[in-house]
Amino acid sequence: MARLYPDAHCELDFTSPLELLVATILSAQCTDKRVNLVTPKLFARYPSAADYASADREELEGLIRSTGFYRSKANSILGLGRKLCDEYGGEVPGDLDDLVRLPGVGRKTANVVLGNAFGVPGLTVDTHFGRLVRRFGWTEETDPVKVEHAIGGLFPPKDWTLLSHRLIWHGRRICHSRRPACGACELARWCPSFGEGPTDADAAAALVRNGPFS
DNA sequence: ATCCCGAGGG
DNA sequence: CCCTCTGGAT
């Protein structure tokens, strides 16, 4: 997979931790492409946390409407701006525990920001990530936090961020939720979930050992 | 478990 | 028309 996706990366457009944080909140149940359509105007209108804190709700909703769930997302961003100003001097904290306490920010979003804006290794366990690692036989867990810990034990931290992007890219392009394109998958021969492919426990380990992921 | 609430694909 | 899509909060 290192060969398949040598430079997998975050596809959200951003130039600062704050921009990435907001873009990631907007990306919930929405494609990155659509988020990137609205963020240029959004970031120009609200350059700082204080600008979000004092934003007009209706105007903010209008700017992010096409990303879906715009009312709750606007709520999160408004609260986010306030909390960043009140408790963090207007700066985005570079710490998982602090990030997760911000409105609209769960563990997945926090790890995206840590990994891509702060250079802190993090596994971003979203629906793709979880589905793939289960199909690969790397874990049976379904709880995202348990998945994160299980997979974290298989790879060194320095690989976590890139691994996350590679899994997500592969999930989007090939290993779909409904009809995975196993015929086009170069990993099928190692995949325990592939039709007549290897189903023994070694197959999962082979996927890790063969290093296509790290 | 359910709500939030938009767009595109099959 | 139904389903899905890089969630999070209640």
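In what follows, chains are A, B, ... by sequence order, proteins preceding strands, each numbered from 1. We use all heavy atoms of the structure for the numbers below, so side chains are in, but hydrogens, waters and symmetry mates are not.
Note: CD1 (A/I64) to P (B/dA7) measures 13 Å, nearest angstrom. The distance between atom CD1 of A/I77 and atom P of C/dA9, rounded to the nearest whole Å, is 13 Å. In this entry the distance linking CG of A/L80 with C1' of C/dA9 reads 15 Å, nearest Å.
Set against C/dG7, C/dC5, B/dG6, the side chain of A/H128 has C/dC5 as its closest nucleotide. Out of B/dA7, B/dC4, C/dG7, the shortest distance to the side chain of A/T127 is found at C/dG7.
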Pairs: protein N or O with nucleotides 8-10 of chain B N or O, under 3.5 Å:
| unit_1 | atom_1 | unit_2 | atom_2 | d |
| --- | --- | --- | --- | --- |
| B/dG8 | OP1 | A/R34 | NH2 | 3.4 |

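Between A/S72 and B/dC5 there is no side-chain N or O to OP1 or OP2 distance below 4.0 Å. A sub-4.0 Å separation between OP1 or OP2 of C/dG7 and a side-chain N or O of A/Q29 is present. In this structure, A/Y70 does not reach the B/dC4 phosphate: none of its side-chain N or O atoms is under 4.0 Å from OP1 or OP2.
Residue A/T109 is in sugar-phosphate contact alone, with no base atom involved, counting any heavy-atom pair closer than 4.0 Å across all strands shown. Residue A/L102 is classed as a sugar-phosphate contact, given heavy-atom separations below 4.0 Å to backbone atoms only. Among the heavy atoms of the strands, none lies under 4.0 Å from A/T67. Note on A/V105: only backbone sugar-phosphate atoms sit closer than 4.0 angstrom, heavy atoms only; bases stay farther off.
The aromatic ring of A/F69 does not sit over the base of B/dC5, since the test of centres under 5.5 Å and planes under 30° is not met.
The 5' end of DNA chain C is approached more closely, in terms of each residue's nearest nucleotide, by A/E11 than by the other of A/S76 and A/E11.
Residues A/W169 and A/H128 keep their aromatic ring centres 6.0 Å or farther apart.
Nearest heavy atom pair, residue A/I151 against residue A/W138, reads CD1-CB, 3.8 Å.
A/E91 CD: 12 or fewer foreign heavy atoms inside a 6.0 Å radius.
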